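Notes follow once the structure below has been shown.
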Amino acid sequence: MKGKSLRRYLFIGLVLIFLVSCTKLTFDESYRRAEGEIGLGNYTKAVKIYDRLVKNNPNDARTAVIWLRLGDLYANPLGDVKRGLAAYQQAIEAAPTSEAARLAHERRAVLFEKENHPLGSVEEYTALLKYFPGHDDAQMYKMKLGEAYIMGNEFQQARTELRGFVEKTGVAPEFRYRALFNIGETYFLEGKPGKAVRFYYAMLKEAPKSALAGEAELRVATCLEEMGYLGTAHKFAQDAKKRYPNEAVVEGRLKGIENRGKSSNKVKNTDNAETGKTASEVEEKPPIQ
């Protein structure tokens with residue numbers, strides 16, 4: 001009798017092990033099948049398979065990856081941003097400190113940027129810095145956070161986030177240059193060219209071959225023009241032609257400076273007729289040199 005009971009319990013145990021193994025295989029196989037459908041371009045079919053997986057495994061941490069994949073499908077090939085954001089949020093809730101959650105935060109931030117919703121981007125980059133402070137991309141998250149504040153016209157808060165890149169030692173050069181440019185942007189957008197030009201110029205002095213150099217030169221030209229230093233503004237606009245990607249924009253700025261200079265010269269030449277000096281000779285030295 002005892003032998004029969006033992007065999008019965010062993011049989012039940014083996015059945016349970018088999019069922020657990022089948023469940024795991026079913027999850028993995030379903031995932032592979034969905035990935036195969038994606039490879040064939042059958043995105044709707046893949047979504048249905050993923051949907052069944054998360055519904056059948058509500059407490060399984062592995063669903064974080066499934067929700068991430070659903071977010072990718074909705075946000076990109078299917079073009080449903082709202083569902084994409086929701087799926088990414090589910091990935092975060094399924095496993096808040098997982099790699100899937102980190103990627104979900106990143107992708108939500110990018111979607112918010114595309115949708116012109118800077119507050120959403122601020123929340124996502126703040127969360128990334130809070131939950132993944134030691135990640136290799138932490139500096140990038142902080143830079144992006146500052147840029148999201150700029151997008152939201154929160155210029156003082158943007159400077160608070162960005163100044164660390166300029167004031168602290170040991171900062172990677174590319175982040176320092178980008179921070180200098182972005183701080184210049186905060187002042188430029190606030191209508192303070194005198195403050196903005198100093199940061200643009202500092203970036204140019206430190207990184208004259210930076211990818212941002214052409215744009216910084218054009219910004220310097222615009223600031224100096226607004227401040228009345230037309231000769232130097234024209235020089236920076238000319239330099240920008242070599243690197244700025246849109247030559248038509250630079251030409252427009254040059255014409256604007258030249259037209260403004262012609263108008264200004266009439267007044268200056270009249271005022272300085274008694275001294276015999278030209279308008280260019282009496283132009284004051286700009287505050288950046």
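Treat the numbers as computed from the prediction; the structure is a model and nothing was measured.
Glu106 meets the side chain to side chain donor-acceptor pair (under 3.5 Å) test with Arg102, Tyr141; sequence neighbours excluded.
Under 4.0 Å is where a charged nitrogen must lie from a carboxylate oxygen, and between Asp137 and Lys144 no such pair does. Using a 4.0 Å cut-off between charged side-chain N and carboxylate O, Lys235 and Asp239 make a salt bridge. Under a 4.0 Å N-O distance rule, the pair Glu123/Lys130 does not qualify as a salt bridge.
Annotation for Arg33: atom CZ does not count as buried by contact number, only 12 or fewer foreign heavy atoms lying within 6.0 Å. Remark: Arg243 CZ is packed, more than 12 non-hydrogen atoms of other residues, nucleotides or ligands lying under 6.0 Å away.
A perpendicular orientation is assigned to the rings of Tyr201 and Phe236, their planes being inclined by more than 60° (bins at 30° and 60°).
Residues Leu145 and Phe132 are members of one and the same hydrophobic cluster, defined by side-chain heavy-atom contacts under 4.5 angstrom among Ile, Leu, Val, Met, Phe, Trp and Tyr. Under a hydrophobic-cluster definition in which Ile, Leu, Val, Met, Phe, Trp and Tyr are linked whenever side-chain heavy atoms come within less than 4.5 Å, directly or via other members, Val54 and Tyr43 are assigned to the same cluster.
Put simply, the side chain of Leu70 reaches to within 4.5 Å of the side chain of Trp67, judged on heavy atoms. Between Glu215 and Phe181, some side-chain heavy-atom pair lies under the 4.5 Å cut-off. Asp60 is not listed as a side-chain neighbour of Ile66, based on a closest heavy-atom distance of 4.5 Å or more. Counting heavy atoms from C-beta on, the side chains of Val166 and Leu180 come closer than 4.5 Å. The shortest side-chain heavy-atom distance between Phe165 and Asn182 does not fall under the 4.5 Å cut-off.
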**Q.** Worked verdict on Leu128 versus His135 for side chain to side chain contact (heavy atoms under 4.5 Å, CB included)
**A.** CA-CA 9 Å; Leu128 282 163; His135 194 270; over 6 Å; no
Q. After noting the C-alpha distance and the side-chain angles of Glu190 and Lys195, does the key distance pass the salt bridge (charged side-chain N to carboxylate O under 4.0 Å, His left out) rule?
A. CA-CA 10 Å; Glu190 279 183 331; Lys195 290 186 175 182; over 6 Å; no
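The backbone N or O of Gln156 sits less than 3.5 Å from a side-chain atom of Thr160, completing a donor-acceptor pair. A donor-acceptor pair under 3.5 Å is formed between the side chain of Ser98 and the backbone N or O of Ala95. Although no hydrogens or angles enter the test, the distance criterion places a donor-acceptor pair under 3.5 Å between the side chain of Asp80 and the main chain of Arg83.
For the residue pair Ile49 and Ser30, the shortest heavy atom distance occurs at CG2-O, 3.4 Å. Between Ala127 and His105, the shortest heavy-atom contact is CB-CE1, 3.6 Å. In plain terms, the two heavy atoms of Ala240 and Glu217 that are nearest each other are CA-OE1, 3.3 Å. Glu113 and Met151 get closest at one heavy-atom pair: O-CE, 4.0 Å.
Through side-chain heavy atoms spaced under 4.5 Å, either directly or across other Ile, Leu, Val, Met, Phe, Trp or Tyr residues, Tyr88 is tied to Leu68, Val81, Leu85, Leu103, Leu111, Phe112.
For the pair Arg219 and Phe199, the cation-pi test (distance below 6.0 Å, angle within 45°) is failed.
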